[in-house]
Amino acid sequence: MADETSGSGTLDEATENAALAEVLAAEHTAIWGYGVVGAALPAESQALASASEIAHRDARDRVITLLAGRGVDPVGAAGGYALPFPVLSPTDAAALAVVLEDGVAAAWVRVLDQAAEAGTRELAVGSLTATEIRAVGWRGLAGQPTVTSAFPGLPEQ
Amino acid sequence: MSAPLTAGPRGFSRRTLLAASAAGLAVLATGCTSPAADEREKVTGRQADELSAQVAVQEAVVSAFVAAGAADPALAGEVADLAAQADAQLARLRAAAPGSSTSAAASSAGAPPAPETRAWLRGQVATAAASHAAACVGQSGARAALLGSIAAGLAGQDARLA
């Protein structure tokens, strides 16, 4: 059931689908990026990268199923992506993972902002929470001084 | 040609969401919906009440950090950054729900002494995270985004405290 505030406003299935398309693009990006992350990590850190990639594949599949059920063609992955910085060490890899998780978090917050359906917000807040928990681990491995975020996915004021 | 590796939404910047959120919060601050205000930011009485309730939940988190610090001074230093984040979250929630008042029930005086303090604090933080996440589903627009983000932030704190 659509949110009651959306009847005469701008929150509807179209705004929700557009935000979901953006989150799907972000999940594609994260899946690709974790290939780079994993390649730069030592064996003992592979499990975290693998689990993160699997989580993003699951999220991608849920969004594709949701959009397909609405008759929306899901956006595909790009052929390649430009890295934001060279990934030459395990620390670089962890920093890249932080970039990936933070980007996905912003996309899920966008879904919360644009969703008309309560069920979609439930999916979004769960996915956002899982993303932030992974990001906490990666920030630690990247040696960042603060590993938590007060407002994941939201701009700082 | 490769796409830039920005996992965030295409055509959407953090600045855009900030503007959208600010528009929504401005409406809440004035308590009315002007013709120029975004129609989607209209808040029902139920949503306003639920948002005020989440302010009280966050006040309890802030109080929990104070209580935990008093019970275990070593822990206080370790989690000072988390406490500061909880304060920032409360300030932003209060700005989004200007009609809310400080709750007398927000005090968390029951922090046990070390070494149980950390587990107790984790429980307080995790409970608040779950409460904000559940409340987020019943909100919409900028209010849902804010509550969801704070819920995730507290879940991250819980992970760090583990």
Side-chain angles (χ1 to χ4, degrees), chain A residues 3-6 8-11 15 19 22-23 25-27 29-30 32-33 78-84 96 99-110 112-116 118 121-122 124-126 128-129 131-133 135-137 140 146-155 157, chain B residues 1-18 20-22 24 38-44 46-47 81-82 84-89 91-92 95 129 132-134 136-142 144-160:
Chain A
D3 188 283
E4 61 189 277
T5 62
S6 66
S8 59
T10 59
L11 285 186
T15 63
E22 302 289 4
V23 91
E27 295 290 3
T29 305
W32 181 90
Y81 298 85
L83 291 170
L96 176 60
V99 170
L100 297 171
E101 298 294 352
D102 285 350
V104 169
W108 279 114
V109 166
R110 177 68 169 167
L112 287 172
D113 187 62
Q114 293 291 300
R121 285 193 289 275
E122 191 168 13
V125 72
L128 173 62
T129 297
T131 291
E132 174 58 14
I133 290 171
V136 167
T146 302
V147 301
T148 54
S149 169
F151 304 102
L154 273 180
Q157 284 188 322
Chain B
M1 182 175 171
S2 297
L5 198 157
T6 51
R10 287 179 295 190
F12 164 71
S13 68
R14 292 164 68 86
R15 186 176 177 181
T16 304
L17 181 59
L18 177 61
S21 301
D38 193 341
E39 188 74 13
R40 69 188 176 82
E41 295 300 348
K42 283 200 290 192
V43 58
T44 67
R46 177 186 58 79
Q47 288 176 323
D81 56 339
L82 303 185
Q85 290 180 346
D87 286 341
Q89 291 167 337
R92 209 146 153 184
H132 289 326
C136 158
V137 175
Q139 298 286 334
S140 60
L146 178 60
L147 275 176
S149 178
I150 292 174
L154 289 176
Q157 288 197 356
D158 179 31
R160 204 200 95 171

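These figures come from a predicted structure and were not determined experimentally. Just so we're on the same page: letters track the sequence lines, and every chain starts at 1.
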Would you check if B:R160 and B:D81 make a side-chain contact, meaning some heavy-atom pair closer than 4.5 Å?
yes
Let me know if B:L147 has heavy atoms under 4.5 Å from chain A in its side chain, its backbone, both or neither.
neither
Within the structure provided, determine whether B:L146 and A:F151 are in side-chain contact (heavy-atom separation under 4.5 Å).
yes
Chain B: which of A:T146, A:L112, A:L128 shares the most heavy-atom pairs with it under 4.5 Å?
A:L112
Hey, are the side chains of B:S149 and B:Q89 touching, using non-hydrogen atoms and a 4.5 Å cut-off?
no
How about A:V104 and A:D102: do any of their side-chain heavy atoms sit closer than 4.5 Å?
no
For the interface with chain B, which of A:T129, A:T15, A:T131 has the highest count of heavy-atom pairs at distances below 4.5 Å?
A:T129
